[in-house]
Amino acid sequence: MKLLRHIPAWDSSPPEAWKHWQLAQLRDYLSRRVIPFSAHYRRLFDRHGIDPLDIKTLDHWNRVPFTSKKDLANPRDFVLVPDEAVLRREPAMWLDALMHGRNAAKEHAEAEFRPILLTSTTGRSSDPVPFLYTKHDLSNLDLAGSRLMLAGRSQRDFRHINLFPYAPHLAFWLAHHAGLGFGTFMLSTGGGKTLGTDGNIKLIDKIQPDILIGMPTFIYHVMREAVETGRRWPNLKRIVLGGEKAAEGLRARLRDLAAELGSPDVHVMATYGFTEAKIAWPECVGESHDASGYHLSPDLGIIELIDPKTGEVVPDGKPGEIVFTPLNARGTVVLRYRTGDIAEGGLTWEKCPNCGRTCPRILGPISRVSEVRELNFGKLKGTLVNFNVLEHLLDDQRGIAAWQIELRKRNDDALDTDEVHLHIAAEPGVSERDLEVAVSGRFHEVTEIRPNGLHFHPLSELREQLGVGRLLKEEKLVDHRPKDQTATSPVALSS
Ligand SMILES: [Zn+2]
């Protein structure tokens, strides 16, 4: 059921227009769609004595508790299941029945509420959580997808190739719907698992696309192979990245590879999204190659940045954990969802210097909250190491083709000290010795520790170790320390 309220233009309305509109939409969405039809949120709002119609300011909204991954143990409780009696009492519903007939009104309700697609989270540590989409959600996916195309200055007559793996994951479906929503040619190859690297390269040779879309490491892998086998792809204009973070160093390398393939003016554009949002947000393509933040869709959701420790909303421009609330989703709905992702550059409502759009943006780099880990180096017990910083360092180091950080116990003994090992594949023609000096020096600067071991591998071997083309999220940080043994193992025999 469409709402009659006027929606400000996505990318050219001033912030004031949005702030009022979002609160009005939120009250309406919660009171008519979420609270009556979501088992979880009906209970939660009831328990906290919150009436959605009382949410008049963002301060009121802050009283609503966060939702996090651990709350999603019963995913069914988060699906909007309509109550026919409630729906039938809605003025908009009888108006629909009156104007279009009862059968048409019933069809509209089906399209709004019946789940027809599922994507799921990819966590290796926890069970995947399913997120359901209705036809209504798919039209939002078309809309969010076509905004990706607009922000990337694509054109209808461009040819697009989607290299995301065929999987029940947001990235694949968003790329597919970007093509549908924008009305352009989009070939989905299924990525490395279905056609292999070679199959992908052959298709790209034939189609000569303007735009490649996929996971950063897979696209990098495909383009490198293409350069090594002497392909010419002179038509490339954009490389659109999703599914994992896209570091500055990697972007520069992708531009270099594109130039070697015969396309010197390629723009690399990243997107940010997550399963629970059921949409993603694009960077823009403008004059410069500087990353200009992820352009949000304020009509489809509210993004708040919070201090991960206190849960307080941080001021604009300050780093914070990304918290998402949809404003128009059906199917599975989570409110004030804590992503565990930190936007280091904060949230801004200022006009984008690159494209001039006035939609709010979140500025990267995006890091994981949970990647500060406590390591025991013997002398310094309980040293906190922020692996996000290490990952940015390795991503941005020129000369590295791939890397992996491994945590181990010294001598594989659960009671011994922790060790950090780096596995690196060097770019062709780069001296391993120089790279070793550069990496361990920078590593020491940012963490005050030195890696216990630096191991060089051929690229193919490290790719296998990382799971490129095999796993949806590559294993950039592996923890080989025995789990929970310190608590249960008998006292180690002294030597
Ligand atoms: Zn922009």
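All residue numbers in this chain count up from 1 along the given sequence. Counting convention: from 1, in listed order, for ligands and their atoms alike.
Sequence neighbours left out, the pairs with a member in residues 293-306 that pass salt bridge (charged side-chain N to carboxylate O under 4.0 Å, His left out) are Arg147-Asp299, Glu304-Arg336.
Pairing each heavy atom of Thr184 with each of Arg156, the nearest pair is OG1-O, 2.8 Å.
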Practice item. Assess whether side-chain hydrogen bond (donor to acceptor under 3.5 Å, both in side chains) is satisfied between Gln404 and Gln465, documenting all intermediate values. Key: CA-CA 8 Å; Gln404 187 178 47; Gln465 213 168 307; 2.9 Å; yes
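Inter-residue side-chain proximity for Asp77 and Tyr41 is flagged as unmet; no heavy-atom pair is nearer than 4.5 Å.
Every ring pair (Phe, Tyr, Trp, His ring centres under 6.0 Å) that Phe37 has, sequence neighbours left out, goes to Phe113. Under the ring pair (Phe, Tyr, Trp, His ring centres under 6.0 Å) criterion, His289 pairs with His267, sequence neighbours left out.
Near the Zn ion (ligand 1), less than 2.8 Å away, sit the protein N, O or S atoms Cys284 SG, His295 NE2, Cys352 SG, Cys355 SG.
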